[in-house]
Protein chains: 2
Amino acid sequence: MKLAEAKTQFIQEWGTFGSKWGVNRTMAQAHALLLVSAEPMSAENVMEELNISRGNANMNLRALIDWGLIRKTHISGERREFFYAEKDIWKVTRQVIKERKRRELEPLRNMLTEVGEGIQEESPQAEEFKKMVNELRKFSSSADVMLEKMVKSEQQWIFESLMKFMVK
Amino acid sequence: MKLAEAKTQFIQEWGTFGSKWGVNRTMAQAHALLLVSAEPMSAENVMEELNISRGNANMNLRALIDWGLIRKTHISGERREFFYAEKDIWKVTRQVIKERKRRELEPLRNMLTEVGEGIQEESPQAEEFKKMVNELRKFSSSADVMLEKMVKSEQQWIFESLMKFMVK
DNA sequence: TTGAACTTTCAGAAATTATTGAAAGACATA
DNA sequence: TATGTCTTTCAATAATTTCTGAAAGTTCAA
């Protein structure tokens with residue numbers, strides 16, 4: 001297998017994977033591209049590699065910066081900006097957890113609190129609703145604590161530790 | 001807050017949440033609806049509650065069955081089918097992990113193996129590519145083991161245990 | 001075996017999401 | 001402050017995803 005084709009396949013499938021998880025396909029592809037690039041890339045490079053427009057490249061690179069997954073840099077003698085990805089996979093994972101938690105999990109938890117409170121009705125329907133909302137709230141609270149620990153942990157050993165612990 | 005409006009908000013936001021994670025919004029809404037329903041519901045009921053067509057209701061209820069999140073049942077004297085959701089949140093979580101792992105993580109891991117093997121080239125670019133693919137493979141392997149343990153675990157205590165363990 | 005009740009399918013339509021490209025903006029140099 | 005280079009924005013357009021509804025399929029009681 002040639003490098004170019006392996007790289008293309010990697011980028012394509014990473015894009016597909018991203019889109020199954022609600023991430024813009026192009027954003028995921030740009031991330032994949034930078035992850036395997038030995039050098040920082042310009043917006044121009046990214047446009048060429050992914051066959052996308054300048055606007056699209058700009059928007060998705062900015063989104064990756066907002067997600068904390070890539071950064072801008074400058075190369076001496078060059079005017080334009082270059083982009084490079086965080087390559088430590090554990091750091092990448094933590095960052096993704098952190099952002100998804102903030103953007104998606106926390107609003108959901110707020111909603112659960114909101115809809116769980118202040119329902120006076122005591123019909124079986126109301127009880128069932130309150131019970132489920134409460135179950136979800138308890139669960140999300142545990143998950144939240146766990147994810148927060150992961151975000152703050154410096155090491156990937158969490159996985160290994162968890163594995164050992166759960167042997168049983 | 002009235003039950004009806006709390007329920008509507010819950011269903012809507014659950015749908016939004018699902019769509020951010022790559023789950024069809026209507027499928028997530030139907031799941032939310034059944035989660036908080038005290039009784040099994042007919043397709044007709046679901047159509048009315050969510051304001052969707054028969055075809056849409058049918059497809060999304062079937063998808064939920066395929067995901068192992070709801071089941072069909074019969075009510076004596078009734079000809080049509082009724083649907084009810086698994087309500088144990090830990091079981092629901094395990095089932096979602098199991099399915100996403102099977103549908104999305106495993107193909108990705110196969111891809112990593114495929115593109116990582118058989119690249120002869122030894123340029124810095126090729127080395128960088130191979131290194132990253134290998135990092136991802138190692139990481140996904142750990143994650144895979146961890147998720148498999150979670151899927152097989154009978155208890156939600158994993159979270160609590162993990163929390164204690166990680167105190168540090 | 002017929003037909004009423006219900007379920008499934010899927011081609012076309014609608015809604016949503018993503019992309020383009022041109023214009024405006026920013027910045028550095030002279 | 002003019003000019004060239006590069007970046008950002010966003011309205012219009014395109015691509016993708018989802019939904020509808022009618023027809024076909026299934027089931028079952030009579």
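All values below were derived from every heavy atom in this structure, side-chain atoms included, with hydrogens, water molecules and symmetry-related copies excluded. A note on names: the letters A, B, ... follow the listed sequences, proteins ahead of strands, and every chain is numbered from 1.
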Heavy-atom pair of closest approach, residues A:Gln29 and A:Ile11: CG-O, 3.5 Å
Distance-only side-chain donor-acceptor flag, B:Gln9 / B:Glu13, under 3.5 Å: yes
salt_bridge(B:Glu44, B:Arg54) N-O dist < 4.0 Å: yes
Polar side-chain atom of A:Thr8 near backbone of A:Ala4 as donor-acceptor pair, under 3.5 Å: yes
Under-4.0 Å salt bridge between A:Glu5 and A:Lys2: no
Sugar-phosphate, base or nothing in reach of A:Glu44, heavy atoms under 4.0 Å: nothing
Nucleic acid contacts of residues 9-30 of chain A, taken as heavy-atom distances under 4.0 Å to DNA chain D: none
DNA chain D contacts made by residues 63-77 of chain B, counting heavy atoms under 4.0 Å: none
Nearest-Å distance for atom pair CD1/P, residues A:Ile52 and D:dA15: 15 Å
Partner of A:Glu106 under salt bridge (Lys or Arg N to Asp or Glu O under 4.0 Å), chosen from A:Arg100, A:Lys98, A:Lys101: A:Lys101
Approximate separation, where rounding is to 0.5 Å, of B:Asn60 CG and B:Ile70 CD1: 9.5 Å
Donor + acceptor pair across side chains of B:Asn110, B:Thr113 (<3.5 Å): no
Whole-Å gap separating C1' (C:dG21) and CG (A:Asn51): 16 Å
Rounded distance in Å - CG (B:Leu61) to P (D:dT18): 16 Å
Check ion pair A:Lys130-A:Glu127 (N to O, under 4.0 angstrom): yes
Test item: side-chain donor near acceptor, A:Ser123 and A:Glu121, under 3.5 Å: yes
Atom pair distance, as rounded to whole Å: CZ in A:Phe82 and P in D:dT7: 9 Å
Distance, rounded to the nearest Å, where B:Asn60 contributes CG and C:dT8 contributes C1': 14 Å
Atom pair CD1/CD of A:Ile119 and A:Gln125 - distance to nearest 0.5 Å: 12.0 Å
Carboxylate-amine/guanidinium proximity below 4.0 Å for A:Glu128 and A:Lys131: no
Could you pull out the protein-nucleic contacts involving nucleotides 12-14 of chain D (nitrogen or oxygen on both sides, under 3.5 Å)?
none

Non-hydrogen side-chain atoms of A:Leu112 and A:Phe139 separated by less than 4.5 Å: no
Sub-3.5 Å pairs of nitrogen or oxygen atoms, protein against nucleotides 26-29 of chain D:
{"residue": "D:dT27", "atom": "O2", "partner": "B:Arg79", "partner atom": "NH2", "Å": "2.1"}

Atom pair CE (B:Met132) and CG (A:Leu35), whose distance is rounded to the nearest 0.5 Å: 5.0 Å
Whole-Å gap separating C1' (C:dC27) and CD (A:Glu78): 16 Å
Listed nucleotide nearest any side-chain atom of A:Ser53, set C:dG21, D:dT7, D:dG21: C:dG21
A:Leu50 CG - C:dA18 P separation (whole Å): 16 Å
Pair B:Ser141, B:Asp144: side-chain N/O donor-acceptor within cut-off below 3.5 Å: no
Return the polar atom pairs (N/O with N/O) between nucleotides 9-12 of chain C and the protein under 3.5 Å, or none.
{"residue": "C:dT9", "atom": "OP2", "partner": "B:Arg62", "partner atom": "NE", "Å": "3.4"}
{"residue": "C:dT9", "atom": "OP2", "partner": "B:Arg62", "partner atom": "NH2", "Å": "3.0"}

Pairs meeting criterion side chain to side chain donor-acceptor pair (under 3.5 Å) with involvement of residues 65-75 of chain B, two or more places apart: B:Lys72-B:Glu81
A:Arg80 CZ - D:dT7 P separation (whole Å): 8 Å
